[in-house]
Amino acid sequence: MEKKYISDRFKHILHGGDYNPDQWQDSPNVLSEDMRLMKLAGCNAMSVGIFAWAALEPREGEYDFSFLDKAMDDIYENGGRVILATPSGARPAWLSQKYPEVLRTNADRSKRLHGSRHNHCFSSPVYREKVANINRRLAERYKDHPALLMWHISNEYGGECHCEYCREAFRSFLKDKYKTLDALNHEWWTAFWAHTYTDWSQIEPPSTLGESSVQAMKLDWRRFVTHQTVDFMKAEIAAVREFTPTVPVTTNLMQQFGDTDARELGAACDIISWDSYPAWRGNDENDIVTDAGVAFWHDLFRSIKHRPFMLMESTPSHTNWKEYNKLKRPGQHALYSLQAVAHGSDTVQYFQWRKSRGATEQFHGAVVDHVGNEHTRVFREVASLGARLAKLDAIVGTATSCRTALLYDYDNDWALSYAAGFQNADKKVFETAKKHYFPLWKRGINTDVIGRDDDLSGYDLIVAPMLYTVPSALEDKLEEYVRNGGTLLCTYTTGMVNENGLCHLGGFPAGKLKEVFGIWNEEIDTLYPGEFNTAEVGGKEYRATDYCELLHLRGARALGTYTSDFYTGMPAVTVNTYGKGKAYYIAFRDAGDLTDELTGHILEECGITSDFDGTLPYGVTAHSRTDGETLFLFLENHATTPAVTQTAHTWHNVESGEAVTGEISLKPYEVLILARKVQ
């Protein structure tokens, strides 16, 4: 199995963070101290220049690269490498003042003022020109610098603009997609409320000033925003590739950034990276579930390219922008960092290296606190982790092997959130996805988190909760997958609409899926908060909350039935044999116990097990990577209490080299990295 490295020039775990020497140009003593502290912390890769445009080009056409020259030289001379950023995330004030067209326009058509981040129009020709110019100058200057490891393209792309450039680009996007207004009117179902369009110029983006209730329009606007963001990013990439065609590029993605599809942005990059900032509370009740949610996103970002990814930003201690900004407890930093490596990351990086003296993130966590030295708890934990990461070269570039996948699609999430019906306040699509991911995570099952365009054929089990949007191509793929021997688990709201939000005719779920699942969903009951019904499955009673579908069997077998309300006796959980495979269906939302037990049954039926042979106590999980010859297993205790498990295998501890077999004890937040030959 060939290893896939983030960079062939530096085959080590990257450890470092956002470094902002442009903020400290008047403090040369701070900059020199940074180099000493980076070595002490075991930091070998720094992200530089992310918001440095005003320092690089203080006035239009006047450039000063001196601080960046020094940073590049100093980092390299101290054994590190640089992930060099393009600075488009925050432009200088002179640019906004001279070229006001670059400022974003809100949905109410008001123009924004200069300030904040990403407050610019991705369609503006002027902004594209200015960004390409600074990017080219950076690439030309540093193309041969030995510190340059990769490009960090902009920063956390997001947001939308409603200026005339963007409105016209939206119309062009729609023309390219639908070709004719007749096709658009059909897919948008504009005959409702007599909103049929007779000229392309009549179409405006969704706005409270105009149209805001056509689901297909809102879906297409979300797709357009992603399209325009990707197009802007590709222009940025093209500028640096003129001089550095072989230097890999990435951009730091965000979880559930509601205005863009991360898979589309990631597809334009060589390497996937993302920024992770969970809200921990320091107790098992909250944090174990939170940790599983973080793992979900690690798996999603790894699955975009099925290769190692980058944890581009995390905090070594706390954030400053959440409602409550709690410190990580001792030991949590190493656990969460190594969890990322366990799920496929070949980096552990931070925002930020040194705390800023002022402005909005002056109290955001950092490796170096305002005290400015190494004598802090956080610095010691970062340095300790750096020493551990330095011993993991054998794991760099290895793969994550998965027989199980969870299908979570941004388009589907948008479509359900825009649907007028069911629970309008919150459909809980992502929460439901996490609920179905948790039984896999806690059992130590390596899992890919895929989208609707991914290949399904390599998986034995696919879990697809709340798969509301089913285009014909996905319908065909799912049917073929089950017919050829795959096992599929779906839930309420499956297959109700096509990709543009039009309801499938002939009953739910869509077309062939009625045969795959052997059911017909006649109605869906929405329960009030605090209200519940009951269902009996396998002799046990479960609470049904939020949604209860009224199913009819069309070849499937009922594994459980409702035991309350007027639909008492109707199927609540079903299974159907279709071709060589099986399709399971859960018709109601449960508290998680049914989902857990049914998932466990299906995993056993499919013969899918963890790569760790011992029992995993609650809060302890195990995930693995491999180079085809050696299995590297991360045994993680996410609980605040010690845990004990057993293994019949003989492993060796990757860090200490000691043999490990029999009883294994884990301290709170402890991670053991074990290895053995692949059998």
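When a residue number appears, it is its place in the shown sequence, counting from 1. The figures that follow rest on heavy atoms only: side chains count, while hydrogens, waters and symmetry mates do not.
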- Task: First locate atom NZ of Lys111, then atom OG1 of Thr105, and finally report the distance between them rounded to the nearest 0.5 Å.
- Result: 3.5 Å

- Query: Residues two or more places apart in sequence or in another chain: which of them pass ring pair (Phe, Tyr, Trp, His ring centres under 6.0 Å) with Tyr165?
  - Reply: none

- Message: Holding to side chain to side chain contact (heavy atoms under 4.5 Å, CB included), I want the full list of residues that pass it with Asp73, two or more places apart in sequence or in another chain.
- Response: Glu77, His145

- Message: For a quick check under 3.5 Å, do Ser96 and Arg91 share a side-chain donor-acceptor pair by atom type?
- Response: yes

- Side chains of His15 and Tyr350: do they bring a donor and an acceptor to under 3.5 Å? yes

- Message: Before we go on, tell me: are the rings of Phe634 and His623 under 6.0 Å apart, centre to centre?
- Response: no

- Query: Does NZ or CZ of Arg354 fall inside the cone over Trp24's six-membered ring, less than 6.0 Å from its centre and within 45° of the axis?
  - Reply: yes

- Query: Any side-chain donor paired with an acceptor under 3.5 Å for Asp299 and His343?
  - Reply: yes

- Is it true that the side chains of Gln228 and Ser123 contain a donor and an acceptor less than 3.5 Å apart? yes

- Message: For Phe243, does the six-membered ring have the charged nitrogen or CZ of Arg141 within the cation-pi criterion, i.e. under 6.0 angstrom from the centroid and within 45° of the normal?
- Response: no

- Start with the C-alpha distance between Asp287 and Arg281, add both sets of side-chain angles, then the distance that settles side-chain contact (heavy atoms from CB on, under 4.5 Å), and finish with yes or no. CA-CA 6 Å; Asp287 287 352; Arg281 295 196 176 190; 4.0 Å; yes

- Do Glu636 and Thr621 have side-chain N/O donor and acceptor atoms under 3.5 Å apart? no

- Message: Please report the interatomic distance CH2(Trp353) to OH(Tyr19), rounded to the nearest 0.5 Å.
- Response: 8.5 Å

- Below 4.5 Å, heavy atoms only, C-beta onward: do Tyr277 and His364 meet side chain to side chain? yes

